[in-house]
Q: 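Let me give you the structure first, and then I'll get to my questions.
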Amino acid sequence: MTFPDYLTTDHRACDELLGQLRQHANGADWGAARTAFDALRHDVLAHFAAEEEILFPAFEARTGMRQGPTAVMRMEHEEARDLLEDLAQAVAADDREGVRGHGEALLILLQQHNMKEENILYPMGANVAGPDLADWSARIIARREAP
Amino acid sequence: MQLISTHASPSPRQSFGHFLAGIAGMALAAALLAWEPAALATRWHPAALAAVHLCALGGLMPVMLGALFQFVPVACGLSLPDAGRIEWLRLAALEAGAVILATGFVQGRADAIAAGGTLALASLAWSAARLLRALHAQPASTALPRAMRRAALALAMTLALGGVLVGILRLGGELPFLALVDWHAQWALAGWVGGLILAVAGVVVPMFHVTAPYPARWEQLTRALPWLVFAAGAGSLAAQRWLTTVAVAALCALAAGFGVLSILRVRASRRGERDAFHYGWLGAGLFALLAGATGLAAQVAADPRWSVAFGVIALGGLGGITITVMLYRIVPFLIWLHWQRANRARARLPLLHQIVPARPQAWQLGTEAVAVGGLALGAFLPETVCLAAILLFFSKSAQFFLVCRAIREFSARLRVLQALPPRPRAAH
């Protein structure tokens with residue numbers, strides 16, 4: 001599997017976890033909400049790490065663009081990390097309204113971020129990777145799935 | 001390479017200005033219908049023509065443009081540089097053009113129709129050129145930019161035909177006026193409004209509702225949309241009624257298909273919320289389905305009331321409800337995002353669903369849908385028109401108030417956040 005397909009599938013899996021978190025919080029099932037949140041936080045942060053440690057440096061080295069799309073993506077990762085912190089506090093406090101509000105903000109932030117990655121950055125990355133696409137993909141997948 | 005960032009978007013205040021102007025334009029159209037309920041007796045009633053142009057040009061159009069300023073850079077990676085004061089002038093010209101055009105229709109004054117039409121055309125030609133230029137600046141590697149190009153081309157066709165109609169009114173000529181009016185309306189409704197909704201929904205529905213994407217075959221089918229609109233008009237101009245009927249039937253099938261596919265997807269949403277965004281998209285899907293059904297009835301039945309019902313459902317229902325539901329996502333998120341980016345102190349911010357409060361949102365959306373349904377019914381039961389128009393006016397006024405209050409709060413809180421000292425970030 002190439003990294004655009006893998007990371008796109010991973011985006012959808014994170015969306016599902018966020019949906020589960022919100023469903024459990026709305027149903028006041030806080031045990032299940034915490035489990036869903038832990039999985040969500042782990043997967044989102046591992047996804048960001050795979051991009052920031054493998055994909056973005058490889059893309060920057062190949063294109064010479066360090067202040068282009070990867071800088072924007074890193075900034076948005078920071079915004080998502082802040083929201084995960086807010087969500088963690090809301091989940092810890094059994095705060096349904098907090099989960100609703102921060103959860104929706106995270107969903108919209110991640111979707112507009114994913115749109116850019118899936119429509120622009122990943123196709124560009126696969127293009128500049130050229131014959132190294134399989135190598136890039138293997139390293140990205142290994143980092144994402146590292147324990 | 002464009003910088004794919006919301007920083008590449010024009011200022012949110014510019015979009016907010018467009019949103020407020022658009023909501024006011026739609027409220028004005030509703031007020032006109034309340035003042036002249038007989039407008040919906042026929043699609044050719046002067047007040048009906050005035051209301052249509054107030055709603056489309058003064059209402060839907062500014063909201064669509066304001067949303068595109070923010071959406072295009074994010075979704076397509078294209079920069080729409082901030083045109084500053086020219087954008088405000090363009091918006092003023094569009095709104096003034098819509099009002100003058102509507103006045104011209106109501107008073108039967110060809111000079112006012114020509115003046116208003118020219119003003120609106122000049123304003124929109126600028127927007128269409130800017131959008132087309134941005135969309136053609138980079139290769140369209142995915143479905144979304146391709147679909148948006150098709151919609152923008154439909155806008156260009158709408159404007160070109162609008163220009164021809166204004167020219168005929170001013171200078172006369174032997175051109176088939178009624179066939180050109182129909183074609184102008186088809187490019188506007190099916191090509192531009194419908195095309196843009198199809199393009200945006202293809203991304204927004206699966207991603208923001210956390211549901212299945214539209215089938216790949218569906219995306220291929222939607223590519224036929226501008227060709228079908230072309231065929232519908234060509235059949236009419238060449239007096240080949242069968243061609244027009246086939247093309248319109250296919251367009252109606254597309255609208256109904258979109259409605260069914262959207263409803264199925266939103267019903268299967270795994271987003272975990274049942275709020276105005278959820279029910280609003282269900283409503284938009286239902287109105288698309290109804291637009292397909294009434295559009296087909298208008299084409300094949302001899303009863304002209306179906307045309308009126310179709311126009312109300314397509315413009316006020318599918319167009320209006322989609323815009324309302326998107327406004328309730330775009331406005332709070334833009335406000336929250338700009339607060340968050342200014343929030344170096346990490347102060348506590350209002351939650352997203354508190355910026356435009358969730359319950360009034362749902363009430364406004366519900367009353368708008370009921371009012372549009374009442375207006376569509378008014379084609380057959382004229383006594384419902386006045387009440388439905390009054391309800392729509394109050395619903396749009398309530399929306400104006402909700403959005404206005406959120407924008408005022410945005411400016412006030414932004415100033416406070418910018419003045420606060422930064423708090424050191426925790427290491428991740």
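Per chain, numbering begins at 1; letters A, B, ... match sequence-line order.
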Q: For A/A105 versus B/F333, what's the shortest heavy-atom pair and its separation?
A: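 Reported closest heavy-atom pair: O-CE1, 4.0 Å.
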Q: With a cut-off of 6.0 Å (strictly less than), are more than 12 heavy atoms of other residues, nucleotides or ligands near CZ of B/R274?
A: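 More than 12 heavy atoms, drawn from other residues, nucleotides or ligands, come within 6.0 Å of this atom.
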Q: So, do B/L352 and A/I108 sit near enough that their side-chain heavy atoms are less than 4.5 Å apart?
A: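 The answer is yes; the side chains approach within 4.5 Å.
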Q: Considering only heavy atoms, give the residues of residues 196-216 of chain B separated from chain A by less than 4.5 Å, sorted numerically, with 'none' for an empty result.
A: B/V203, B/M207, B/F208, B/V210
Q: Report the distance from atom CG of B/L351 to atom CZ of A/R100, rounding to the nearest 0.5 Å.
A: 9.5 Å
Q: Under 3.5 Å, which donor-acceptor pairs do the side chains of residues 22-29 of chain A form with other protein atoms, sequence neighbours left out?
A:
unit_1, atom_1, unit_2, atom_2, d
A/R22, NH1, A/E104, OE1, 3.0
A/R22, NH2, A/E104, OE1, 2.5
A/N26, OD1, A/R96, NE, 3.2
A/N26, OD1, A/R96, NH2, 3.4
A/N26, ND2, A/R22, O, 3.3
A/N26, ND2, B/G272, O, 2.9
A/N26, ND2, B/E273, OE2, 3.2
A/D29, OD1, A/A32, N, 3.4

Q: Got a second to check how far B/R341's CZ is from A/E78's CD, nearest 0.5 Å?
A: 12.5 Å
Q: Could you tell me which residues in residues 411-418 of chain B have at least one non-hydrogen atom under 4.5 Å from a non-hydrogen atom of chain A, sorted by residue number?
A: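 Against chain A, none of the residues of residues 411-418 of chain B fall inside the cut-off of heavy atoms under 4.5 Å.
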Q: In chain order, what residues pass the side chain to side chain donor-acceptor pair (under 3.5 Å) check against A/E118, with sequence neighbours excluded?
A: A/H11, A/R12
Q: Are more than 12 heavy atoms, taken from residues, nucleotides or ligands other than B/R223, located less than 6.0 Å from that residue's CZ atom?
A: yes
Q: Only pairs of heavy atoms separated by less than 4.5 Å count here; which of A/L21, A/L18, A/D86 has the most with chain B?
A: A/D86
Q: Could you tell me which portion of A/L109 (side chain, backbone, both or neither) has an atom closer than 4.5 angstrom to a non-hydrogen atom of chain B?
A: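 Contact with chain B is through both the backbone and side chain of A/L109.
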Q: Contact between A/L17 and B/R270 at the side-chain level, heavy atoms closer than 4.5 Å - yes or no?
A: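 A side-chain contact is absent here, since even the closest heavy-atom pair is not under 4.5 Å.
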Q: Name the option with the most non-hydrogen atom pairs under 4.5 Å to chain A; the candidates are B/Q354, B/R348, B/R329.
A: B/R329
Q: Is there side-chain contact between A/E85 and B/R346, with at least one heavy-atom pair below 4.5 Å?
A: yes
Q: Are more than 12 heavy atoms from other residues, nucleotides or ligands located less than 6.0 Å from atom CH2 of B/W363?
A: no
Q: Rounded to the nearest 0.5 Å, how far does CZ of B/R271 lie from CG of A/D15?
A: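 Reported to 0.5 Å precision, the distance equals 12.0 Å.
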